[in-house]
Amino acid sequence: MKIEKVRLSVITMPLKTPFKTHLETVKEREAIIVEAISSDGVSGFGEAVAFTTPWYTEETVKTCLHMLKEILIPIIQNKEIEHPSIVSKWFEPIRRNMMAKASLEMAIWDAFAKHERMPLWKLIGGDREEVLAGAVVGTSSVHEMLAQTAKLVEEGYKRIKIKISPQNDIEFLQALRNKYPHLSIMADANSAYNLGDVGELQKLDKFNLLMIEQPLAVDDIVEHSLIQKQVNTPICLDESIVTVQDLKNAIHLESLNVLNIKLGRVGGYAHALEMYKLCQKHNIQVWCGGMIEFGVSRAHNISLATLDGFSIPGDLSSSSRYWKEDIIEPEVHVVNGKIKRHNGHGIGFEVNRERLERVTVLQEIIK
Ligand code: OSB
Ligand code: MG
């Protein structure tokens with residue numbers, strides 16, 4: 001298979017309700033839909049999940065656009081691709097820029113699976129018929145947090161993650177636990193704590209959380225290990241694990257018990273699969289993270305989460321969690337806390353081109 005041209009569509013859509021973390025409030029989501037078109041006319045889709053501003057990682061929509069156009073697409077264009085796992089090797093001389101790399105790499109995996117006339121989940125070795133869903137609540141008031149949670153629980157979600165910081169953690173978690181004594185709850189701090197907060201973090205043990213995600217700095221591995229030795233709640237890393245080497249270091253230091261795997265953060269499938277295998281070998285649990293994404297990335301997440309080891313519900317929610325109308329057909333639906341995988345070729349969902357056009361603010365075709 002050869003990729004002859006790539007269509008880049010920058011799209012933008014408002015969220016139904018703003019998503020708040022201690023770092024940023026996301027009201028409007030911008031992303032790039034990457035369509036890799038093979039010389040046989042087969043289209044594969046990927047999504048660059050960077051935000052408009054660099055609050056989660058250093059990438060932005062504009063840096064991704066630059067990387068794709070000037071650096072990454074020229075590397076893969078019109079080269080024979082015998083298997084999509086080669087793409088991340090071709091990208092090795094290019095430093096970081098994981099979300100830009102992932103968006104093109106995942107489009108190529110989709111196109112390749114379609115060429116092979118098989119589902120992408122099968123190509124990567126998945127087998128779960130249904131993946132385990134979960135929803136995330138990012139608000140600044142307890143009232144709003146409880147209201148959103150109640151709606152999600154009613155919709156069948158069995159696992160809720162809330163965004164916390166030292167300013168609201170006890171208040172939020174106490175309220176949530178009082179109302180839902182048996183719900184699976186996770187808390188994501190997006191680096192809101194530091195080593196001196198160990199006492200504060202120990203106080204969270206009593207809420208019986210599934211895990212606490214990324215309490216300390218985005219570039220820390222050492223201090224998470226020190227914290228994990230002093231708190232009972234399992235530590236899950238997100239931002240700290242960008243490369244396979246990061247994961248090896250973290251395993252070596254026992255800095256994590258759980259890994260949140262995001263295709264975008266780690267540069268695509270090849271790295272995600274390598275990390276998955278390492279985690280299995282070292283008894284680290286894994287789940288699929290979310291990026292407030294559109295349908296293309298949602299579909300890829302579902303493929304990834306069909307791998308047997310994805311035994312913890314991920315940040316995998318219905319299209320309707322954030323969007324009035326998604327860009328894929330059918331939309332993603334969570335039923336009874338699960339999402340059925342699709343058995344069509346590639347990602348198994350179709351991009352609704354008319355809908356995509358309507359939300360596109362910039363389009364370029366790289367030939
Ligand atoms: O830290 O996991 C995170 C969303 C955007 C950026 C970072 C994170 C998140 C989430 C997932 O928490 C939200 C979702 O996609 O439902
Ligand atoms: Mg996180």
Side-chain angles (χ1 to χ4, degrees), residues 13 15-31 47-61 64 98-99 102 131-139 145 148-149 151-152 155 157 159-165 172 185-193 209-220 224 234-242 246 256 258-266 286-302 304-305 312-323 326 331-332 334 337 339:
M13 234 191 265
L15 274 69
K16 279 181 173 173
T17 46
F19 184 87
K20 284 190 186 168
T21 71
H22 74 107
L23 298 162
E24 174 77 296
T25 300
V26 183
K27 296 193 184 107
E28 179 92 21
R29 182 68 162 112
E30 202 186 6
E47 181 173 327
V49 294
F51 291 91
T52 308
T53 62
W55 66 273
Y56 169 70
T57 67
E58 63 277 25
E59 292 182 85
T60 68
V61 170
C64 285
M98 296 305 192
M99 292 177 182
V131 303
L132 306 175
V136 188
V137 175
T139 60
M145 183 272 293
Q148 285 195 23
T149 301
K151 186 164 173 281
L152 293 163
E155 287 172 21
Y157 289 95
R159 187 232 75 176
I160 298 293
K161 172 172 125 180
I162 64 167
K163 294 290 194 181
I164 58 160
S165 72
F172 273 36
I185 301 172
M186 306 175 19
D188 187 357
N190 293 105
S191 300
Y193 298 82
L209 304 176
L210 228 47
M211 68 195 72
I212 177 164
E213 184 178 341
Q214 196 70 37
L216 307 184
V218 295
D219 52 353
D220 170 74
H224 277 102
I235 287 180
C236 168
L237 292 181
D238 175 358
E239 288 92 326
S240 287
I241 308 297
V242 174
D246 291 335
L256 79 173
V258 190
L259 178 65
N260 164 340
I261 302 186
K262 291 180 185 172
L263 288 166
R265 193 192 70 236
V266 307
V286 303
W287 54 279
C288 181
M291 285 293 289
I292 318 178
E293 53 252 294
F294 297 107
V296 169
S297 178
R298 265 165 218 278
H300 278 283
N301 288 346
I302 294 166
L304 182 68
I312 299 177
D315 288 348
L316 304 166
S317 54
S318 298
S319 293
S320 62
R321 167 78 184 98
Y322 297 116
W323 317 122
D326 204 343
E331 296 200 340
V332 174
V334 171
I339 303 168

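For ligands, and for the atoms within them, numbers begin at 1 and follow the listed sequence. Since this is a predicted model, take the numbers as computed values, not measurements.
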Tell me every residue that passes side-chain contact (heavy atoms from CB on, under 4.5 Å) with Glu58, counting only those two or more places apart in sequence or in another chain. Arg96

Determine yes or no for a side-chain-to-main-chain donor-acceptor pair under 3.5 angstrom, with Ser191 supplying the side chain and Val218 the backbone. yes

By atom name, which N, O or S atom belonging to Glu213 lies closest to the Mg ion (ligand 2)? OE2

Assess whether side chain to side chain contact (heavy atoms under 4.5 Å, CB included) is satisfied between Thr60 and Glu30, documenting all intermediate values. CA-CA 10 Å; Thr60 68; Glu30 202 186 6; over 6 Å; no

Test of geometry: compute the angle OD2(Asp238)-the Mg ion (ligand 2)-OD2(Asp188) and round it to 10°. 170°

Count the heavy atoms belonging to other residues, nucleotides or ligands that lie under 6.0 Å from NZ of Lys16, then report whether that count exceeds 12. yes

Check whether Glu24 reaches the backbone of Trp55 with its side chain - one donor and one acceptor, N or O, closer than 3.5 Å. no

Of Arg29, Glu293, Glu331, which is the lone residue that meets side chain to side chain contact (heavy atoms under 4.5 Å, CB included) with Trp323? Arg29

Which pairs of nitrogen or oxygen atoms, taken one from ligand 1 and one from the protein, are under 3.5 angstrom apart?
| unit_1 | atom_1 | unit_2 | atom_2 | d |
| --- | --- | --- | --- | --- |
| ligand 1 | 1 (O) | Lys163 | NZ | 3.1 |
| ligand 1 | 1 (O) | Asp188 | OD2 | 2.9 |
| ligand 1 | 1 (O) | Asn190 | ND2 | 2.7 |
| ligand 1 | 1 (O) | Asp238 | OD2 | 3.1 |
| ligand 1 | 2 (O) | Lys161 | NZ | 3.2 |
| ligand 1 | 2 (O) | Asp188 | OD2 | 3.2 |
| ligand 1 | 2 (O) | Glu213 | OE2 | 3.4 |
| ligand 1 | 2 (O) | Asp238 | OD2 | 3.2 |
| ligand 1 | 2 (O) | Lys262 | NZ | 3.0 |
| ligand 1 | 12 (O) | Lys161 | NZ | 3.2 |
| ligand 1 | 12 (O) | Lys163 | NZ | 2.8 |
| ligand 1 | 15 (O) | Met291 | N | 3.2 |
| ligand 1 | 15 (O) | Ile292 | N | 2.7 |
| ligand 1 | 16 (O) | Tyr322 | OH | 2.7 |

Please check this pair: side chain of Arg321 against backbone of Val136, looking for a donor-acceptor N/O pair closer than 3.5 Å. yes

